[in-house]
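Here's the structure, in structure tokens; my notes come after.
Hydrogens, waters and symmetry mates play no part in the numbers below; they use all other heavy atoms, side chains included.
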Amino acid sequence: MLDTPAERAFDDVVKLVASLCDAPVAVVSLVGGDRQFFKAEVGLGVRGTPVDMSICAHAILQSGLFVVPDTRLDPRFVNNPLVTGEPFLRFYAGAPLETPDGVPLGTLCVLDYQPRPAGLTPAQEFALTVLARQVMTQLELRRALLQREASERRFRQLADAMPQMVWSARPDGFHDYYNARWYAHTGMAPGSTDGEGWDEMFHPEDRAEAWGRWRHSLATGEPYEVEYRLRRADGAYRWTLGRAMPSRDDAGRIERWFGTCTDIEDIKRTEAALRLSEERLRLALSAAEMVGTFVWDVAADRITADAGYARLFSVDPARMAGGVPLGELLPAIHPEDLPAVTAAIAGSVESGGSYEAEYRLTQADGSLRWVVARGRCEHDAEGRPQRFPGVVVDITERKLAEEGQELLARELSHRIKNIFTVVGGMVSLSAMGASGEVRGFAGVLRKRLNALAAAHEYVRPHGPDNRPAEVETTLRGLLAALLAPYGAAEAGRLQLEGDDVPIGVKAATSLALILHELATNAAKYGALSSSEGRVAINGTRTGERFALVWQERGGPGIEGPPERRGFGTILAERGAITQLGGSIHHDWAPEGLTLRLDVPLGRLAH
């Protein structure tokens with residue numbers, strides 16, 4: 001309040017107190033630092049004095065009304081310029097201005113040019129005290145207003161900084177504030193959506209629901225929450241989540257409502273896409289009857305399952321929902337597959353590990369369907385098996401496709417073998433009666449043709465039941481079968497070094513494709529196309545990984561990587577990455593190709 005302009009409310013007080021006390025001078029004095037400031041005065045004509053001239057500075061150190069009947073007789077003021085100079089202030093009476101917690105700010109005082117030995121009358125003292133309290137009430141009111149303005153300013157700054165649209169409303173629901181983000185989002189002019197103006201921003205189909213929930217919250221004081229489409233500045237409607245909470249006073253009465261609007265358009269679109277995907281999946285699975293889920297209560301030996309599972313096992317769905325013993329379902333499994341299935345179940349029950357099994361199910365009409373079952377047995381804290389949830393998927397169509405593919409591969413392989421046989425026979429017939437040198441060449445050629453036929457048999461895809469038995473299940477055995485047709489080993493142009501590792505059925509096909517492609521390209525364009533060329537193959541086992549290095553030297557010079565890659569090369573590289581889980585790197589040095597294949601040992605054994 002220091003140095004603020006005069007205000008009528010305070011001016012009226014000093015005029016009134018001067019009249020009631022019959023005093024020529026009355027002042028609202030605020031003491032601060034080294035001066036006193038007169039917020040209102042009558043009879044002085046100045047707005048303040050130094051603090052060493054202030055009688056009020058002494059008054060605020062007293063409790064209650066401070067009266068000096070004759071300032072010239074009081075040693076504290078006998079030398080005060082206000083007492084010794086013109087005009088001569090001989091009488092002083094002041095009531096302190098104190099904050100609610102007892103801090104003195106100044107006084108409301110009256111002064112006279114004549115001493116008053118009797119002081120003020122009781123009525124005048126009462127009036128001075130009461131009016132001092134009124135001055136203090138005005139000061140506290142202004143402080144409260146300033147604090148409220150500061151609080152509202154901080155709120156607006158915070159609200160404008162938030163990533164959401166923020167609004168507030170009066171207890172009756174009248175919207176009177178929106179933050180800057182609301183106006184930026186809606187493109188509306190400030191103040192245009194006050195009151196019920198917000199209603200026009202909502203999609204017409206959503207207004208009734210929003211109003212209904214808002215009226216319910218106003219009537220009950222319950223939090224407000226609703227989803228609606230809000231019109232954006234460009235005219236597009238976007239899904240928005242509206243929420244509001246009431247702010248209450250100490251008596252529980254609602255003072256204001258504070259709310260937010262959050263754009264949830266992206267969430268809505270994601271939810272819609274997920275619902276569509278789930279619905280499509282549900283319809284697809286329902287139409288194909290491919291999937292069934294089950295839960296086995298191990299302790300009670302009761303399996304409950306959905307309708308898809310029941311149909312696969314030819315059990316009434318209503319009865320399946322009520323639960324049946326495991327033993328009642330096992331006869332539906334093909335006798336040849338049953339031992340492996342029961343062993344897998346027992347292993348999961350004992351260890352709590354995952355369960356997976358492929359087997360055939362005999363249907364009610366006698367037909368067979370292939371399924372794959374997956375699950376895991378759950379144990380309690382003491383290690384006892386409790387629940388065994390899982391899923392069964394019909395893979396009959398996949399199996400039929402695999403069988404058809406295998407049948408075609410066998411037929412193609414058979415025909416290619418016949419071609420090798422016919423060519424070998426033609427070579428033999430052509431060599432009959434020829435010179436010894438020609439017969440020797442024909443014998444070597446027949447061996448090469450036979451080796452090429454064996455290599456072809458290994459390169460084509462195989463299952464566990466039709467893998468070639470004559471080929472060793474190690475890297476060296478695979479290399480010997482694949483490289484035999486090129487005669488490099490016999491001529492001393494092939495060098496095998498390093499570690500040997502076992503090769504599983506699945507890994508063999510991918511690895512054979514890679515090695516066969518390398519050998520073929522080496523014979524066409526690389527080291528094996530030259531009589532001086534040679535190939536070095538080195539295998540190194542390091543921890544849980546295996547590195548195979550194929551290096552060609554002595555062949556035609558290389559100017560750089562080939563401009564285009566053939567289908568075989570692309571297929572081999574994909575096999576290294578997807579099937580073997582490894583990486584493949586080519587170094588096209590001028591002196592020859594160096595290829596490094598790095599794979600996990602565990603994938604080679606599969």
Residues Asn80 and Met53: closest non-hydrogen pair is ND2-O, 3.1 Å

Scanning both residues in full, the closest heavy-atom pair of Ala26 with Ala18 reads CB-CB, 3.8 Å

Practice prompt. Would you check if Glu41 and Val46 make a side-chain contact, meaning some heavy-atom pair closer than 4.5 Å?
Written response: no

Any side-chain donor-acceptor pair under 3.5 Å between Thr262 and Gln164? yes

**Report entry** Arg133/Glu140 under salt bridge (Lys or Arg N to Asp or Glu O under 4.0 Å): CA gap, chis, key distance, verdict
**Finding:** CA-CA 10 Å; Arg133 288 200 294 267; Glu140 287 293 335; over 6 Å; no

- Salt-bridge test for Arg229 and Glu265: reply yes if a basic N is under 4.0 Å from a carboxylate O, no otherwise. no

When rounded to the nearest 0.5 Å, the distance separating CG of Asp160 from CZ of Arg181 is 9.0 Å

Margin query: Between Lys268 and Glu227, does any side-chain N to carboxylate O distance fall below 4.0 Å?
Written below: yes

Exercise. Could Arg170 and Asp172 be called an ion pair, given the rule that one side-chain N must be under 4.0 Å from one carboxylate O?
Worked result: yes

Can a donor-acceptor pair be found between the side chains of Asp199 and Trp211 at a distance below 3.5 Å?
yes

Closest non-hydrogen contact found for Ala373 with Val392 is CB-CG2, 3.9 Å

Do the two ring centres, one from Trp214 and one from His175, sit under 6.0 Å apart? yes

*Quick one: sort the Phe258 and Phe155 rings into parallel, tilted or perpendicular, breaks at 30° and 60°.*
perpendicular

Q. Would a 4.5 Å heavy-atom cut-off, applied to side chains only, mark Asp112 and Val110 as touching?
A. no

Review point. If we ignore angles and hydrogens, is there a donor and acceptor under 3.5 Å between the side chains of Asp263 and Trp239?
Key: no

OH (Tyr237) and CZ (Arg232) are apart, to the nearest 0.5 Å, by 12.5 Å

Practice problem: Determine whether the aromatic ring centres of Phe88 and Tyr113 lie less than 6.0 Å apart. | Solution: no

Side-chain donor-acceptor contact under 3.5 Å, Thr107 with Tyr92 = yes

Worksheet entry | Student check: side-chain heavy atoms of Val28 and Leu97 closer than 4.5 Å | yes

Between Thr193 and Trp167, does any side-chain donor sit less than 3.5 Å from a side-chain acceptor?
no

Between the side chains of Arg256 and Asp176, is the shortest nitrogen-to-carboxylate-oxygen separation below 4.0 Å, so that they form an ion pair? yes

*asked:* Within the 3.5 Å criterion, strictly below it, is a donor on Arg153 or Gln157 matched to an acceptor on the partner's side chain?
replied: no

- Query: Are Arg156 and Glu149 ion-paired here, with the side-chain N under 4.0 Å from a carboxylate O?
  - Reply: no

Note: Tyr228 and Cys261 closest approach over all heavy atoms is OH-SG, 3.3 Å

Here the pair of heavy atoms bringing Arg116 nearest to Asp22 is NH2-O, 2.6 Å

Closest heavy-atom pair, Arg248 versus Gly252, reported as atoms and distance to 0.1 Å, is NH1-O, 3.0 Å

Item checked: Side chain proximity check, Val31 to Gln36, heavy atoms < 4.5 angstrom -> yes

Exactly one candidate in Leu601, Asp598, Thr540, Leu597 meets side-chain contact (heavy atoms from CB on, under 4.5 Å) with Phe546; the answer is Leu601

- Parallel, tilted or perpendicular: ring planes of Phe77 versus His58, cut at 30 and 60 degrees: perpendicular

Between Glu152 and Arg148, does at least one N-O distance fall below 4.0 Å, as a salt bridge requires?
yes

Asp101 atom CG, neighbour heavy-atom count above 12 within 6.0 Å: yes

- request: Give a yes or no on whether the backbone of Phe202 and the side-chain of Arg207 come within a donor-acceptor separation of less than 3.5 Å.
  value: yes

inquiry  = Could you walk me through whether Asp70 and Arg72 satisfy the salt bridge (Lys or Arg N to Asp or Glu O under 4.0 Å) test, starting with their C-alpha distance in whole Å, then the side-chain angles of each, then the deciding distance to 0.1 Å, before giving a yes or no?
reply    = CA-CA 5 Å; Asp70 189 344; Arg72 301 184 81 177; 5.9 Å; no

Between Tyr224 and His216, is the ring centroid distance below 6.0 Å? no

- prompt: Is the shortest side-chain N to carboxylate O distance from Asp3 to Arg35 below 4.0 Å?
  reply: yes

Minimum side-chain heavy-atom gap Val226-Glu209 below 4.5 Å: yes

Here the gap from Met165 atom CE to Met201 atom CE, rounded to the nearest 0.5 Å, amounts to 9.5 Å

